[in-house]
Every structure is written in structure tokens, then in C-alpha cells.
Amino acid sequence: MSRIIVITSGKGGVGKTTITANLGTALAQRGHKVALVDADFGLRNLDLLLGLENRVVYTAIDAIAGHCRLSQALVKDKRQPRLALLPAAQSRNKESVTPEQMEKLVNAIAQSFDYVIIDCPAGIELGFRNAISAAKEALVVTTPEVTAVRDADRAIGLLEANDIKDIKLIVNRIRPEMVQLHDMMSVEDVLEILAVPPIGIVPDDERIIICSNKGEPIVSDENPTLPAIAFQNIARRLDGEEVPFIDLMAAHNNLFNRLRRLFRN
């Protein structure tokens, strides 16, 4: 049975689309058939992060309007044969689709895939309602900032009000050195406020931006990095594995100590 998961936050700019691209790729690497749905009508970006922008011919709007078959609108990933993208339409706004149309579309996709992951637009209005309409599970993304945490709390309340009870949290862009200096909220601070079980803790890393600009999810990089391992661990936890969380503070301190020893020599 297919799992339909929405990735949301309430606030924009916290990394939902980057997480969608990397998590979808990581699940496909594990042998699952995965469909990513860009629900951000008017501000399509998921195709760019996957490097698929030149392959987009039809969009979700075309499939809904019957201008093409659903299979024609799904764009196959060039690296992962098990991964496909349903792009949003850049020229249409959120009002172009109703929650009922979106639910029907996602349920149709789910017939052929193990995972359907929906990239939710920012905000909590119609775009949010469209994105969650067919979802059975939700991953809420926040960064360790008070505004992001407050908006995540609002999104969690709305998910619960719409009978989505299976909610997990991803804390994104953690910077251990700032946490140590008390210039950034810790993961524990965020978890205490939101009271939602965590499924992922992702460190801030400039390599994520570099990979995104290239249209290559960081989990596709041959050189393992902490962010890539964090995304792969989220995929493993979704599959039911018990995977310990990376101790980012210890990793940071070990790196700092190695550098300090290097400069002493």
C-alpha cells in the first residue's frame, strides 16, 4: 500500500523543497518507487533541485484538465529510475486547483508508487489545503528560529484538525557552534516547544546549496557528508528502522579538536 506524505512547515524558506528532493532520492536509492509532487503552483522549484527543468512538458494542471495522461506529466529522474516528479504549473496560481482535484490526482499517482511525497507551499491557506488533502502522514520542517517554530506549531495544529495524526518533525539547518554559544535554539528546545516526535535532524552545510544549484540532491554525491547521512537516516526511519540520531554537537567538537591539533603541529 502506498504511503502519501506531505512535507510542510507553515513558514517559507526553511528547506522543505530541498528535503523533499533529497528524501525522495534517498527512498528511491533504497529500492522504492517514489513520486514527488510539487504542490507549489505558481512558484515551481522542485524540478530545479532535481535537475529536471528541461524535461518538463506537462504539469499537474494539464493532468487535472485532461490535456495529457497522468503518466505523460510524470517526469522520470535522470539518475534514479524509480523516482518521478509531477511538476507544478508556473503560470497558474494556487486557485487553479481545488483540494478535491488534488486528492483525486494524488490518489491516482499512489496506485503506481510506494511513496508519494508532496512538497507543500509556504503558508496555511488554499495551497496548504491542496497539499494535505490526500496525505495520511506529515513531516513538519522547522529551522531553530522562533518564527519558524511558531509557524510549525500552527501547521501542526491544522494538520491535526484535518485528521492527519501521524506527524513527525525535521529540524533543519542546525549549526552546532551557534547552539554552543546560545545564539541558536537547540534541538531539545525545539522538541520541547512542538512536542512532536523527531524523524530527522539536518545540519546546516554549504554543500547543500552547492548541490541544489547544480540540480543534484546531496544524497546523490559519491562523497558521504553529514547532511546526506541525515537524509538517508530519515528514509531509513520511514522504512521502520531504528536509527540513532547523529550527535552533531560531538561531530562539531571532534572537527574543532582535529583542527586545533593540526594548527598546533
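These numbers come from the heavy atoms of this one structure, side chains and all, not from hydrogens, waters or symmetry mates. Remember, it's a predicted structure, so these values are computed and weren't measured experimentally.
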In terms of heavy-atom contacts, K16 and S9 come closest through NZ-OG, 3.2 Å
Tell me if the CD atom of E160 is crowded by more than 12 foreign heavy atoms within 6.0 Å.
yes
Does the side chain to side chain contact (heavy atoms under 4.5 Å, CB included) test come out yes or no for D114 and V34, once each step is laid out?
CA-CA 6 Å; D114 302 316; V34 183; 6.0 Å; no
Any side-chain donor-acceptor pair under 3.5 Å between T143 and E145?
yes
Determine whether T25 and L50 satisfy the following criterion, side chain to side chain contact (heavy atoms under 4.5 Å, CB included), listing intermediate values before the conclusion.
CA-CA 9 Å; T25 303; L50 293 165; 4.1 Å; yes
If you count every heavy atom of other residues, nucleotides or ligands that lies below 6.0 Å from E192 atom CD, does the total exceed 12?
no
Checking side-chain polar atoms at under 3.5 Å, does D189 have a donor or acceptor matched by the opposite partner on S186?
yes
Heavy-atom check, side chain of K136 versus side chain of D166, under 4.5 Å
no
Quick check with a 6.0 Å cut-off and a 45 degree axis cone: is R237 positioned over the face of F245's six-membered ring?
yes
Starting from the C-alpha separation in whole Å, work towards a yes-or-no answer on side chain to side chain contact (heavy atoms under 4.5 Å, CB included) for V37 and M102.
CA-CA 10 Å; V37 177; M102 196 70 178; 3.7 Å; yes
Looking only at heavy atoms, which two atoms of T8 and F128 are closest? And how far apart?
OG1-CE1, 3.4 Å
Give the minimum heavy-atom separation between N45 and D38, together with the two atoms involved.
N-OD2, 3.4 Å
